[in-house]
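Have a look at the structure below, then the notes.
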Amino acid sequence: MRKVIPQWLDTRRHSLAHIMAQAVLEKRPDAKLGFGPATEDGFYYDFLFATPLTSDELPAIEARMRQIVREDEVFQRGDLAVDEAVAQLEAMGQEFKVEYCRELAAAGNATIRLYRSGDFVDMCEGPHVERTSVIPDDSFALDSIAGAYWRGDESRPMLTRIYGLAFETREELEAFKARRELAKQRDHRKLGKELDIFHISDQVGQGLALWLPNGAVLIDELEKLAKEMEFRDGYVPVRTPHISKSRLYLTSGHLPYYKESMYPPMQLEGEDDYYLKPMNCPHHHIIYASRPRSYRDLPLRLTEYGAVYRYEQSGELAGLLRVRGMWMNDAHLYCTPDQVKAEFIKVLELHRFYYSLFRITDFWVRLSLGDPTSKKFAGSMDSWETTEDMARKALIDAGFPFEEVRGEAAFYGPKVDHQMSNVVGREETASTTQLDLVMPERFGLTFIGPDGLEHRPIIIHRAPLGTHERFVAFLLEHLGGVFPTWLSPVQVRVLPVSEGQQAYGQRVVDALRDTLLRATLDASSESLNKRIRAAEVHKIPNMLVVGKREEADGTVTWRRKGHRLQVTLPLDRYVAALQETIARRLMDNFEDVEVPGFAAG
RNA sequence: GCUGGCGUAGCUCAAUCCGGUAGAGCAGCUGACUUGUAAUCAGCAGGUUGUAGGUUCAAGUCCUAUCGCCAGCUCCA
């Protein structure tokens, strides 16, 4: 799903970054330049300013850029020896460029490339457009301004980043902006409010979501789904507390490897400190270790929709997408070495099932590897190589296209992540599967093999539905808040045509609720039109209109959300049809799905 | 956590630029209407303008601090 951007467009965008830097330097000659690359929909350039730049200044910079483009400046390339380049960049006062230049030299580059356009000279690899006039002067626009650390390192200075948008033509630029505006309508924070899904109150705490009744139905249905799937695949449920003594996390290594992300401890006189659990795994490992295990017991698949708490930095929180308290579709599979691969593939298949059930196609799969040069990862090189190789092979065998990314692993092992983007384009991990040789070691987990000796199990950590919070966020945005009947908080809204049919309407609701269908009656004295509109606005999948005719015949007139076509049928036939839709978890919110009982005519 | 922007009724917004003491629609409530497929009409109620200081005769509007939200960075399910 990652976008492929044609080289020429990338070149054009990068050239625009130079043109922007040129325009900025004219206004702020003392600005220090950072990096200025092309992005997925434009470009940015980082600057260090003596006095802060405000977004009010962007229009003037943009206007100057257009002028430069029209002046048809030529990009001239020049390769200099390292010393010369350093001397020149120092003379220009470009300390960040000097730093990077020296680094390139240290990495073995004999020459440094510079580009000149107009009076502006910048150290840069290129390539650029030959002359600025090839860029339509209305195909780009400055977008926003934000802080960004130099070299992405929070211990280094924070620069000011100016983002620009750039496309082939003005029409494409306008289309992009329009699409972005439209996407905001599907923002889960907006839909979550409109549909009464969740509420976040700073009286409770940042990042601590409250599930409203409608949201609670959603997560109940997701849990039901997960429990069914896991039951079939031989998982066994467990339940564990939300807190634990620090000892557990010293054993697991969460202290110190994960301490940054944990809430501070609860301290009690004369007792060990207690921590809120940031992950369920240690509790599950203790369950595994609670009695001797035989190879005949394996794989042991412990599952729990467990609550975990992570102290995310305040600036990272975002609606339900990034929270501090979350319920995770967690499970740990304890396997013998020769079971791992088959189990891992089975877990990947489960992902495939879920993603196709929800019709989610806009994701990409990342194989997240450790980084031997980083202190963020526990365990030996050998075990990392083993698990990384296992994960890679399983992905290939299961037929998953994936990309490998170094340094993204969990601290105890490599991960296979399903990456999704929200409406604003922010990417997050929706699902994760991990391989772990480190925890069995740390917890001294063993099983007795056929040879009568103790062996180490291998652990698969998996959360295909991620956390309720993040998964519902993605689902809301992906479906635009329009849920299939099986997931919908309210499945059926009954609308009496006039007050005379309210009693019949109530009987219909009672009959539906008797069969566990989530039905409500709209008994307000508003016009039928208004009540239909209200049901549509609340995205209720099914409406039953009951008037004199229906009451006389014992029928209901069924109108599905977004459809003008409607059918009248006996109540019991309606119930049967709806139950089939729900039992099969049909995605009846999609046009191409044939809905039982709703044939035309 | 950092950089920048923004906080006005349950929601969406107006009054902020150029200080003169807060207004609308929707939702809610009441009444009338008894409705046949996307907003019936009328009325009522609702805000010490996030919070705390300050400047001023006067602050929603200006200043400071603080809390929260948004975008990005860093970080992650």
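In what follows, chains carry the letters A, B, and so on, assigned in the order in which the sequence lines appear, proteins first and then strands, with residues in each chain numbered from 1.
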Please confirm whether any donor atom in the side chain of A:E316 sits under 3.5 Å from an acceptor in the base of B:rU74, or the reverse.
yes
Mind calculating the distance between CZ (A:F47) and P (B:rC73) to the nearest angstrom?
17 Å
A:K415 or A:Q566: which one's nearest nucleotide on RNA chain B is closer to the 5' end?
A:Q566
Can you tell me how far P in B:rA9 sits from the matching atom in B:rG47, rounded to whole Å?
11 Å
Length of the CD-P vector between A:E312 and B:rC73, whole Å
16 Å
Tell me: CG of A:N422 to P of B:rA77, nearest whole Å?
17 Å
Review item, side-chain donor-acceptor pairs of residues 201-211 of chain A, under 3.5 Å, at least two apart:
{"unit_1": "A:S201", "atom_1": "OG", "unit_2": "A:Q203", "atom_2": "N", "d": "3.0"}
{"unit_1": "A:W211", "atom_1": "NE1", "unit_2": "A:E469", "atom_2": "OE2", "d": "3.3"}

Gap in Å between the two C1' atoms, one belonging to B:rA14 and one to B:rA32, rounded:
32 Å
Residue A:Q313, side-chain heavy atoms: nucleotide from B:rA38, B:rC76, B:rU74 that is nearest:
B:rU74
Rounded to the nearest angstrom, tell me the gap between atom CG in A:L465 and atom C1' in B:rA77.
12 Å
Does OP1 or OP2 of B:rG72 have a side-chain N or O of A:R426 closer than 4.0 Å?
yes
Assign A:E469 to base, sugar-phosphate, or nothing according to its heavy-atom contacts below 4.0 angstrom with the strands shown.
nothing
Which label fits A:H468 and A:Y305: parallel for a plane angle under 30°, tilted from 30 to 60°, or perpendicular past 60°?
parallel
Distance to the ring centre below 6.0 angstrom and angle to the axis at most 45 degrees; does that hold for A:R161 and A:Y44?
yes
Report all interatomic pairs (protein N or O, nucleotide N or O of nucleotides 3-12 of chain B) with separations under 3.5 Å.
{"unit_1": "B:rU3", "atom_1": "O2", "unit_2": "A:G147", "atom_2": "N", "d": "3.2"}

Using the P atom as the point on both nucleotides, what is the distance between B:rU64 and B:rU21, in whole Å?
26 Å
On a whole-Å scale, what distance lies between the P atoms belonging to B:rU51 and B:rG10?
12 Å
Quick one: does any side-chain atom of A:Q491 pair with a main-chain N or O of A:T485 as donor and acceptor, under 3.5 Å?
yes
Sorted by position of nearest nucleotide on RNA chain B, 5' first, the leading residue of A:E154 and A:Y149 is A:Y149
Between B:rG60 and B:rU8, how many Å separate the two C1' atoms, rounded to a whole number?
7 Å
NA contact type, A:V323, heavy-atom cut-off 4.0 Å: base, sugar-phosphate, or nothing?
base
Using a 6.0 Å distance limit plus a 45 degree cone around the ring axis, check whether A:R560 lies over the aromatic ring of A:F598.
yes
Distance check: side-chain N/O of A:S314 vs OP1/OP2 of B:rG1, anything under 4.0 Å?
yes
Parallel, tilted or perpendicular: ring planes of A:H461 versus A:Y412, cut at 30 and 60 degrees:
parallel
Checking B:rU37, B:rA71, B:rA77 against the side chain of A:M326 (C-beta onward), the nearest is B:rA77
Given the C1' atoms of B:rA52 and B:rG68, what is the spacing between them in whole Å?
15 Å
Would you find a donor on one side and an acceptor on the other, under 3.5 Å apart, between the side chain of A:H351 and the backbone of A:A463?
no
Results of ring-ring contact (aromatic ring centres under 6.0 Å, His included) for A:Y354 - residues two or more places apart only
none
Without decimals, in angstroms, what is the distance between A:L165 CG and B:rG72 C1'?
14 Å
Stem finding on RNA chain B, please: runs of three or more consecutive Watson-Crick or G-U wobble pairs, both distances under 3.5 Å, sorted by first number.
B:1-7 with B:67-73, B:10-13 with B:23-26, B:28-32 with B:40-44, B:50-54 with B:62-66
Please classify the nucleic acid contact of A:R161 as base, sugar-phosphate, or nothing, using heavy-atom distances under 4.0 Å.
sugar-phosphate
Under 4.0 Å between any heavy atoms, over every strand shown, what does A:Y163 touch: base, sugar-phosphate, or nothing? Just pick one.
sugar-phosphate
Spacing of the C1' atoms in B:rG28 and B:rA45 (rounded, Å)
9 Å
Would you please name every residue forming a ring-ring contact (aromatic ring centres under 6.0 Å, His included) with A:F140, sequence neighbours left out?
none
What distance do A:N214 atom CG and A:I219 atom CD1 have between them, rounded to the nearest 0.5 Å?
12.0 Å
Between the protein and nucleotides 40-44 of chain B, list every N/O to N/O distance that falls short of 3.5 Å.
{"unit_1": "B:rU40", "atom_1": "OP2", "unit_2": "A:S527", "atom_2": "OG", "d": "2.7"}

Between the side chains of A:S527 and A:N529, does any donor sit under 3.5 Å from an acceptor?
no
Is the side chain of A:R493 donor-acceptor paired with the backbone N or O of A:V545 at a distance under 3.5 Å, no angle test?
no
Using the ring of A:F43 (Phe, Tyr or Trp, six-membered ring only), decide whether A:R13 places NZ or CZ under 6.0 Å from its centre and within 45 degrees of its axis.
no
Does A:R549 reach a base, just sugar-phosphate, or nothing at all? Heavy atoms under 4.0 Å.
base
Base, sugar-phosphate, or nothing for A:K190, non-hydrogen atoms under 4.0 angstrom?
nothing
Classify the nucleic acid contact of A:E550 as base, sugar-phosphate or nothing, counting any heavy atom under 4.0 Å across all strands shown.
base
Please tell me whether A:Q566 and A:T557 have a donor and an acceptor in their side chains that are separated by less than 3.5 angstrom.
no
Starting from P on B:rA71, measure out to CG on A:L317 and report it in whole angstrom.
11 Å
OP1 or OP2 of B:rC69 versus the side-chain N and O atoms of A:Q206: is any pair under 4.0 Å?
yes
Atom CG of A:D202 and atom P of B:rC69: how far apart are they, to the nearest Å?
7 Å
Please work out if A:T467 contacts a base, only the sugar-phosphate, or nothing of the nucleic acid, heavy-atom cut-off 4.0 Å.
base
Describe the nucleic acid contact of A:G152 in one word from base, sugar-phosphate, nothing, applying a heavy-atom distance below 4.0 Å.
sugar-phosphate
Considering only side-chain heavy atoms of A:R533, which listed nucleotide, B:rA77, B:rU37, B:rA39, is closest?
B:rA39
Using a distance-only test with no angle check, is there a side-chain donor-acceptor pair under 3.5 angstrom linking A:Q434 and A:T432?
yes
What integer number of Å spans the P atoms of B:rU61 and B:rU16?
13 Å
Expressed in angstrom and rounded to an integer, what is the separation of A:I200 atom CD1 from B:rC69 atom C1'?
11 Å
Would you tell me if any nitrogen or oxygen in the side chain of A:R189 comes within less than 4.0 Å of OP1 or OP2 on B:rC69?
no
